[in-house]
Amino acid sequence: PPPPPPPQTPPPLGPRLSASSGLGAGAPSPLQRMVSANAHAPRARSEGMAVFFSSPLVMSDVHARREVPVDLIDVEKECRLLQLALLQSGRSIRARFAAATPAAIRHQLTLGSRAGECTVVHLSGHGHPHHLVLEDGHGGAHLVGGAQLRDLFAAGGDTAAVRLLVVNCCHSAAAAEHFVSAGIRHVVASPLQVQDAAAATFTGAFYLALAVGRTVAQAFDIGREAVRACPRLPNSEADKFVLLPRGGMHDEPVWPGRVHGAGGLGGSGASNGAVAGLACSVGPPPPYHSNSSASSASDGAESTTSSACGGGGSTLGSTPGWGPAASSMAPPPLEACACPASTAAAACAEERDTPGLFGERACARLPTVPEDFLGRQFEMHAICRALRSRRLVSISAKAVPGDADQASGVGKTALAVAVARYLAIRDVFAQGVVFVPCAHLDGTAVALWCALRGALLGGSGAPPVPVQTSTGLGGGGGEDREEESPAHLARGASPGWLVHARHRRCLVVLDAIDAYAPAASSGGSAGEPGTASGGSVLAGVLDALFSQTEGVQVITTSRQTLHACTATLPVKVVSLPLGPLGPVEAARLFVRRTSRSITMAELNRLVVPHRAPPGGGEGRAPAGGTTCHAAPGTPPLGQLALIERLAGHSLVTRCGGHPKRLLTAAAAVTHEVSDLSDLVRDDCDE
């Protein structure tokens with residue numbers, strides 16, 4: 001056989017670029033691949049859509065002159081529902097997801113108009129009779145009028161590229177008329193309040209019909225009939241959707257034709273790494289995130305860099321309004337992991353090549369939020385605002401005199417996870433958000449540095465397990481091994497690998513660091529959990545971390561505050577003492593966790609009639625004022641009255657708003673308990 005052709009070496013782009021790839025000689029760097037792709041493969045127009053979601057945490061009440069909480073929308077569920085409809089069609093339709101901030105909307109329209117990827121725009125969020133509720137970039141609500149939003153869309157003539165706009169918000173008809181006047185040919189809106197189940201049913205049926213090539217009018221009729229045929233929904237819900245302009249020519253498809261024979265996730269028409277219906281971050285995807293199955297060996301090695309960042313499809317840029325993204329860097333070899341480096345690289349490559357639904361990659365290294373998590377919008381907003389300018393946020397339990405058990409079960413971890421997922425799906429951090437459980441750590445600097453190394457440079461969600469060798473924790477030789485040895489770290493020095501995380505922009509959640517928090521009274525051996533020496537270990541680790549990195553931010557959870565060990569850090573610690581839930585929020589949690597429903601008749605036998613409901617707690621709005629106009633998720637009048645009465649009953653008030661105690665009390669309301677007064681009498685007897 002003829003000899004194989006000599007390998008083609010890519011033209012050098014300079015010593016600095018070659019060294020930054022970390023892939024060895026002859027392997028093209030991500031920048032080389034991007035330049036080559038842009039030079040020789042011009043981007044073709046593709047079918048696509050832009051999805052903007054808005055779920056702010058708080059909004060300003062101009063009449064009461066204070067902020068009120070807003071019920072959270074399940075953004076992940078709604079986006080995945082839309083995504084599945086595109087996937088089931090077998091089409092390669094590119095979907096871009098972004099938080100609905102004015103900057104992100106303008107950014108996405110500017111990029112999508114050039115390639116036809118904003119043919120359809122879907123806007124989801126809370127509604128208001130005169131405004132649409134967008135996000136302000138740090139968890140707050142931003143009310144935008146219809147005329148202002150129309151001008152934002154029409155700037156630069158980009159409305160010509162938008163053929164269909166779906167405003168999936170209650171009371172959105174007024175804003176929809178402004179979009180029609182801007183020249184958008186098809187606008188779907190709702191002039192009234194729509195139930196969540198009806199909106200979800202319409203969205204799935206409508207986009208599936210569009211994706212298979214149906215006209216806008218046909219897809220609209222299919223969506224409304226799906227709502228009308230849905231069980232447990234009144235027929236009137238289907239009539240709440242309108243297609244504007246009324247009497248317009250809607251007999252045209254926005255995605256004509258259909259790709260026959262292409263099904264599932266791997267449509268043959270996908271290009272530039274696009275997969276049918278895949279969630280893409282704001283901005284163009286990295287060129288080295290390819291979904292092609294014919295990847296070379298160098299591609300597999302290169303995937304270690306992109307996957308180890310811990311991002312949810314992180315792009316070369318971050319969300320507008322949150323600062324610039326960090327440059328991509330190659331992590332050091334993972335010799336300190338229990339698995340070989342080749343296995344870690346293969347796992348990273350498999351993760352890269354496996355498509356997922358919206359939020360799966362962004363939240364891959366995060367736990368799930370408890371399904372009944374509620375009532376912490378003010379605290380979440382405070383943390384999001386603090387992270388805009390500060391690098392360290394400490395969540396602790398609010399001290400209650402005479403209550404030693406208050407610190408346990410108040411919801412510190414649930415709050416940290418909720419904030420982490422809220423920021424992760426918005427691509428706030430270029431290298432993602434990582435959760436590190438620290439309850440099992442032994443209180444030594446070596447254990448904490450191992451956990452941080454796995455969070456910042458590891459390819460999997462779990463912290464790397466150190467291999468006990470004569471050279472310590474690190475790979476490499478000589479000085480690097482000495483800098484990462486347990487004895488070196490125990491002396492308070494920083495590890496050598498920290499230089500590789502210097503420019504990373506990520507959020508690390510250190511949960512349950514009580515073993516490193518200083519105790520109220522000193523004493524104990526070195527490294528003992530909750531001692532003064534444990535606080536000095538934490539202070540040393542955080543001092544080195546913040547001094548040698550630029551974009552790493554940290555959230556810690558502990559029972560006690562960290563003021564004693566963080567006073568001399570180069571960054572300011574923002575402390576958040578977490579208190580109990582308000583009365584109404586506590587009642588809502590109690591009702592959700594009971595094994596059976598509680599009827600109004602039962603409460604009428606226990607609660608004094610016409611008793612005034614309690615307020616919403618310190619710093620909170622009163623009952624009935626916790627959401628914006630017609631916000632989705634607001635319970636009907638009967639359930640709201642039930643919650644208000646239950647908030648003042650001893651079944652709830654005896655728990656003091658403590659989440660763990662509320663769950664325990666709700667578990668006692670079973671089908672065997674026919675009368676709630678039995679639980680009250682048992683309490684009095686005890």
Between Lys572 and Leu392, is the side chain to side chain contact (heavy atoms under 4.5 Å, CB included) condition met? List the steps. CA-CA 7 Å; Lys572 175 184 176 180; Leu392 177 59; over 6 Å; no

Here the gap from Glu135 atom CD to Phe52 atom CZ, rounded to the nearest 0.5 Å, amounts to 12.0 Å

Would you say the side chain of Ile513 lies within less than 4.5 Å of the side chain of Leu562, judging by non-hydrogen atoms? yes

Name the orientation class of the two ring planes belonging to Phe97 and Phe358 (parallel below 30°, tilted from 30 to 60°, perpendicular beyond 60°). tilted

Go through the steps to decide whether Leu82 and Met49 satisfy the test side chain to side chain contact (heavy atoms under 4.5 Å, CB included), and finish with yes or no. CA-CA 11 Å; Leu82 188 153; Met49 65 178 299; 3.8 Å; yes

Taking atom CD1 of Ile395 and atom CD of Glu379, what is their separation to the nearest 0.5 Å? 9.5 Å

Between CG on residue Asp74 and OG on residue Ser55, distance to nearest 0.5 Å: 9.0 Å

Interatomic spacing from CZ in Phe373 to CZ in Arg421 - rounded to 0.5 Å: 12.0 Å

Validation row: Leu581, Pro659 side chains within 4.5 angstrom (heavy atoms): yes

Quick one: CG on Asp71 to CG on Leu374, what's the gap to the nearest 0.5 Å? 9.0 Å

Is any side-chain heavy atom of Phe53 closer than 4.5 Å to one of Glu78? no

Enter the distance from Leu415:CG to Leu576:CG here, rounded to the nearest 0.5 Å. 6.5 Å

Would you indicate whether the side-chain heavy atoms of Tyr422 and Val75 approach each other to under 4.5 Å? no

Test item: Thr566 side-chain N/O and Leu569 main-chain N/O as donor-acceptor pair under 3.5 Å: no

Judged by modelled atom types alone, do Arg391 and Thr549 share a side-chain donor-acceptor pair under 3.5 Å? yes

Taking every non-hydrogen atom, the tightest pair across Cys79 and Val51: SG-CG1, 4.5 Å

Are the side chains of Leu72 and Leu57 in contact, using a 4.5 Å heavy-atom criterion? yes

Tell me whether Ser172 contacts the main-chain N or O of Ser190 through its side chain, where contact means a donor paired with an acceptor under 3.5 Å. yes

Do Leu507 and Val428 come within less than 4.5 Å of each other through their side chains, counting heavy atoms only? no

Taking the side chain as everything from C-beta on, heavy atoms only, tell me whether Ile425 gets closer than 4.5 Å to Cys363. yes

Can you tell if the side chain of His122 reaches within under 4.5 Å of the side chain of Asn168, non-hydrogen atoms only? yes

Whether His128 and His130 hold their rings parallel, tilted or perpendicular, with breakpoints at 30° and 60°: tilted

